Structure formats: C-alpha cells, structure tokens
Amino acid sequence: MQELLLHKATEAEQRRVGECSVGLEEGDRKHIGSVIYKSIYTVVLSKKFNVLIPFGPLAVLVQKKTNRDGWVFILGLLGIMPLAERLGYTTEQLAFYSGPTVGGLLNATFGNATELIISIYALRTGRIRVVQLSLLGSLLSNLLFVLGITFFSGGIVRKVQVFDKEMAAVNSGLLLMATMGLLFPACLHSTGTELHFGISELALSRFSSCVLILVYLVSIIFQLKNLNDMGGSRTAEILDGDEDEEAAPEISKWESVIWLAITAAAISILSEYLVDAIEGTSLAWGVPVAFISVILLPIGGNTAAVTTSVMFAMKDKLDVSLGVAIGSSTQISMFIIPFCVVTGWIFGRHVDLNFQLFETATLFMAVLFVAFITQEGTSNYFKGVMLLFCYLLVAASYFVHGDPSSWLVISC
C-alpha cells in the first residue's frame, strides 16, 4: 500500500515538474519571440522610408519574369536606398558598444560599404569601367550634392554656421592628392607619352594606389592621435551632446552584428541586378552609360549620407555633417579606388587609375571648388545653392557625354 502511494506521489511530482518545464519553455519562446519582434520593429518597421524595401525583391522578380532592364534598374535603385540607410544605422548602433575610436573606424569602414559591394561585384564580372564610373559618381555626389544640401539645410536654420576649417583643410589636401593620382595616368594616356605603351600607365596606377592607401592609413593614425589639436575637442563635445540626446543604443550588440550582416548580404544580392541592368537600361532609355553610372547609381548608396548630414546640419553640428560628406569622399578617393586597383592586380585584372580626361577634369574642378568654398570655416544657404547647381552642371555634362571606353566586359 505504501509503495502504491509512493508511486502515485512520484508520478504527481513528475507531472508538476513537466508542467513547470513546459511553462518555462513557453515563457522562453514568448520572450524570444518578443525580442525578435522588437528588433524587427526597431530596425525595419519603425521607419516609413523602409516601405521601399519590397522594391528590391520586386526588381529580382521583374528580371526573372520580363528581363526589362529599365524597370529592374529603377526598382533595384529604390530597393537599395533604404538598405543603405539601414546599413549606416546598424553600424552606428554597433559603434555604441565599441568606444569612440573603434566606433569612428567602424563608421568610416561601413560608411561606403554599398559602393564597395557594387564595385567588388562589377570588378569580379570584369566590368572595370562600371567600377570607375560608379566610384567617381559617389565622389561627385558626396562633394557637391550631399555637401550642398547639408549647407543649404543648415543655412535655413541658422544664417551662418561654423565648422572646423583645419580638419576640412586636411581632407581637402587628401582629396587633391587623390585627384593628382588620377590625373597623371589620364594625362599620360591622353598625350601618348608612355615609355612602354599599355604597361607604364598600369604600373604607375598600381604604384600610385599603394602610395594613396599608405597615406590614407597614416592620415587615420594622425587624426586619431592629434584629435584635440585639430578641433577634435569641439567634435567630441558635439558628439557627446548628441549622445546625451540619444541616451542609449536602440538594439543590442549582437542584434547590430546580425542586422549588419543581413543588410550587407541584401545589398550584395541587389547590387548584382543593378550592375547587370545598366547596359540594358542605357539602350532602353537612350541615356549614356556614364550618366547612369555617375549620376543615377550613386543615389542608392548616398541615401544614408544625405539623411545623416542634413539631420546634424539642422542641429547646428556641421562638423559631423562634413565628416560624413567630405570624410566619405576622402575614403573613396584615398582608399576604395586604390583598393580596387590593388584587388584587380591580385586577381589579374588590368584596373588602372585612368578614368579618362573628361571624368578626371570634372572631379578636379569639384575638389577644387569644395576646397575653395570650405577654406573660411563657415557655411550658409547660398554656398549650398552653389554646390547644388554645380552638381546640376556636372549631371548635364554627363547626360551629353559619350564614354569613349567600351562597355564590353574585360576578361583580362
């Protein structure tokens, strides 16, 4: 009898333990579900701009079903815009957990991730001219359009805004040096004065790329070590004030890493369809490939730069805005373009710094104009208007510019 009672008591205890474990499992599932939903809501659903994300899968579907490159390009461009903005957002969130120095390097590294992903795919498929034109377009867009709309937006809020002209001078110097690296191969090619035809230009480009990358790395070390002497204390105060307003990161460290990987993968997939659609879009619309690559394609990658720069400019934090616009241009010209040349060298592709004379001339004039307009360390809405109309002139010139280089895929 006692054994029977003991057996029943044991069974009852086991049932209670089982019910508790089931309850705990259900509770864990609900907790995990709520965490996932909160993360999705914060990163995706909370921003109205993200309603454009479905255009990305729609571009893939249109390409598979109809093969209409014009629609694929437009839909893909609309779809990649919010992804580029979210990539910048997740990088900023991850920077909260990395400290100011590493956080700054993270923002610098992933700030141009969209352009780098597009360039790597184009380089891998042999579309070397697309690599050159798309990176040139990002440079011109950052220097003229992003900086112009930043000055204009800030000038509406305040009559005159002040920024650190010493840091702007350093970035302008780096931009002029990078332009010099592009100008010499273009002039060498145009004048036909190569010592060894087809070899000297490529060798000069590879040597110049290594020099530019080295100088860029030294410039990062220099700016980090001399932050306080170059107006860094002012920038730090601005960022500290912004951190006080923002309070804390919106997502956790691992959520930031996961979303960073997801958005980068999505951009990588969509960039393939964008690049593949450029030639067909040019034929369908009757628009030069150079105009599509230099003017239209950078719109997707620079979405985050525009929103961030305008937001900080309207808060009278122009140093941060210039760090996004001019700093991004510096990274593209001093690191990403030379990096593509060195990468092509490693994989046996003849990627050089000869962007052709017309393209190099437009970049030289843009860099010179920005260096001139930022030398005083002040901005107003009229300077923004001048920059925006300069970009309009550049866009018009590429609309009537026939690219002398062939669009054919280069297999060497």
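Numbers for residues simply follow the sequence, beginning at 1. These numbers come from a predicted model, not from an experiment.
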* Asked: Would you find more than 12 non-hydrogen atoms of other residues, nucleotides or ligands less than 6.0 Å from Met365 atom CE?
  -> no
* To do: Check the side chains of His189 and Gln356 for a donor-acceptor pair under 3.5 angstrom, ignoring hydrogens and angles.
  => no
* To do: Compare all side-chain heavy atoms of Leu212 with those of Met177 and state whether any distance is below 4.5 angstrom.
  => yes
* Asked: Of all heavy-atom pairs between Gly76 and Leu270, which one has the smallest distance, and what is that distance?
  -> O-CD2, 3.5 Å
* Polar side-chain atom of Thr90 near backbone of Leu87 as donor-acceptor pair, under 3.5 Å -> yes
Under 3.5 Å, which donor-acceptor pairs link side chains of residues 387-398 to any protein atom two or more places apart or in another chain?
unit_1: Ser397; atom_1: OG; unit_2: Val394; atom_2: O; d: 2.6
unit_1: Tyr398; atom_1: OH; unit_2: Thr362; atom_2: OG1; d: 3.0

* Is Phe358 atom CZ crowded by more than 12 heavy atoms from other residues, nucleotides or ligands, each under 6.0 Å away? -> yes
* Asked: What pairs with Tyr121 under side-chain hydrogen bond (donor to acceptor under 3.5 Å, both in side chains), at least two apart in sequence or on another chain?
  -> Asp276
* Side-chain H-bond candidate by donor/acceptor type, Asp316 with Gln161, under 3.5 Å -> yes
* Ile80 side chain reached by Phe55 side chain, heavy atoms, under 4.5 Å -> no
* Considering all heavy atoms of both residues, which atom of Ile117 and which atom of Ser271 are nearest to each other, and what is their separation? -> CG2-OG, 3.6 Å
* Asked: Does the side chain of Glu279 pick up a donor-acceptor pair with the side chain of Ser282 at under 3.5 Å?
  -> no
* Give a yes or no on whether the backbone of Arg124 and the side-chain of Arg349 come within a donor-acceptor separation of less than 3.5 Å. => yes
* Asked: Do Trp71 and Thr66 pass the side chain to side chain contact (heavy atoms under 4.5 Å, CB included) test, and can you show the C-alpha distance, the side-chain angles, and the key distance before you say yes or no?
  -> CA-CA 9 Å; Trp71 282 105; Thr66 66; 6.0 Å; no
* **Side chain to side chain, Leu322 and Phe151, heavy atoms closer than 4.5 Å** => yes
* Asked: Hey, are the side chains of Leu296 and Phe73 touching, using non-hydrogen atoms and a 4.5 Å cut-off?
  -> yes
* In chain order, what residues pass the side-chain hydrogen bond (donor to acceptor under 3.5 Å, both in side chains) check against Arg68, with sequence neighbours excluded? -> none
* Asked: Does a side-chain heavy-atom distance below 4.5 Å link Leu135 with Cys340?
  -> yes
* **Non-neighbouring partners of Thr360 that pass side-chain hydrogen bond (donor to acceptor under 3.5 Å, both in side chains), sequence neighbours left out** => none
* Start with the C-alpha gap between Val162 and Leu318, add the side-chain angles, then the distance that decides, and say whether side chain to side chain contact (heavy atoms under 4.5 Å, CB included) holds. => CA-CA 7 Å; Val162 180; Leu318 207 59; over 6 Å; no
* Given side chains that start at C-beta, do those of Trp259 and Arg86 come closer than 4.5 Å, heavy atoms only? -> no
* Identify the two heavy atoms, one from Pro185 and one from Gly181, that lie closest to each other, and give their separation to 0.1 Å. => CD-O, 3.0 Å
* Asked: To the nearest 0.5 Å, what is the distance between CG (Leu353) and CG (Leu182)?
  -> 5.5 Å
* Between Leu363 and Leu136, is a side chain to side chain contact (heavy atoms under 4.5 Å, CB included) present by the stated rule, with each step listed? -> CA-CA 8 Å; Leu363 177 62; Leu136 174 67; 3.8 Å; yes
* Asked: Any side-chain heavy-atom pair from Val306 and Phe145 closer than 4.5 angstrom?
  -> yes
* State whether the side chain of Lys383 and the backbone N or O of Ile373 hold a donor-acceptor pair below 3.5 Å, judged by distance alone. => yes
* Asked: Do Asn302 and Ser141 have a side chain donor and acceptor closer than 3.5 Å?
  -> yes
* For the side chain of Asp319 and the backbone of Asp164, is there at least one donor-acceptor N/O pair under 3.5 Å apart? -> yes
* **Interatomic distance, Ile213 atom CD1 to Ile337 atom CD1 [nearest 0.5 angstrom]** => 11.0 Å
* Is the backbone of Ala290 close enough, under 3.5 Å, to the side chain of Ser293 for a donor and an acceptor to pair up by distance? -> no
* Within 6.0 angstrom of Glu376 CD, more than 12 heavy atoms from elsewhere -> no
* To do: Take Glu201 and Arg206, measure what salt bridge (Lys or Arg N to Asp or Glu O under 4.0 Å) needs, and give me the verdict at the end.
  => CA-CA 9 Å; Glu201 177 190 327; Arg206 288 170 174 175; over 6 Å; no
* Please name the pair of heavy atoms, one in Ala122 and one in Thr125, separated by the smallest distance, quoted to 0.1 Å. => O-OG1, 3.1 Å
* Using atom types as modelled and distance alone, determine if a side-chain donor or acceptor of Ser205 lies under 3.5 Å from a backbone N or O of Asp352. => no
* Asked: Is a side-chain donor or acceptor of Ser321 paired with a backbone partner of Ser309 at a separation under 3.5 angstrom?
  -> yes
* Asked: If only atom types and distance count, is the side chain of Ser153 paired as donor or acceptor with the main-chain N or O of Val310 below 3.5 Å?
  -> no
* Which value, rounded to the nearest 0.5 Å, describes the distance between Phe163 atom CZ and Lys165 atom NZ? -> 9.5 Å
* Asked: In terms of heavy-atom contacts, does CH2 of Trp285 have more than 12 from other residues, nucleotides or ligands at under 6.0 Å?
  -> yes
* Structure fact -> By side-chain contact (heavy atoms from CB on, under 4.5 Å), Lys253 pairs with (sequence neighbours left out) Leu94, Tyr97
* Is there side-chain contact between Leu116 and Phe339, with heavy atoms separated by less than 4.5 Å? -> yes
* Please walk me through it: do Arg127 and Val275 pass side chain to side chain contact (heavy atoms under 4.5 Å, CB included)? -> CA-CA 9 Å; Arg127 293 182 173 94; Val275 171; 3.7 Å; yes
* Over all atoms of both residues, closest heavy-atom pair of Val370 and Thr374 -> O-OG1, 2.8 Å
* Structure fact -> side-chain hydrogen bond (donor to acceptor under 3.5 Å, both in side chains) filter on Gln63, not counting sequence neighbours, yields Asn67
* Look up atom CE in Met334 and atom CG in Leu214, then write down how far apart they are to the nearest 0.5 Å. => 9.0 Å
* Asked: Roughly how far apart are Ser208 OG and Leu183 CG, rounded to 0.5 Å?
  -> 11.0 Å
* **Geometric class of the Phe152/Tyr381 ring pair [parallel <30°, tilted 30-60°, perpendicular >60°]** => perpendicular
* Thr263 side chain vs Leu260 backbone, donor-acceptor pair below 3.5 Å -> yes
* Structure fact -> Note: Leu139 and Ser333 closest approach over all heavy atoms is CD2-CB, 3.9 Å
* Could you tell me whether a side-chain N or O of Ser134 sits under 3.5 Å from a main-chain N or O of Val130, the two making a donor and an acceptor? => yes
* **Ring centres under 6.0 angstrom apart (Phe291, His401)** => no
* If you measure from CD1 on Ile332 to CG on Leu140, what distance do you get to the nearest 0.5 Å? -> 10.0 Å
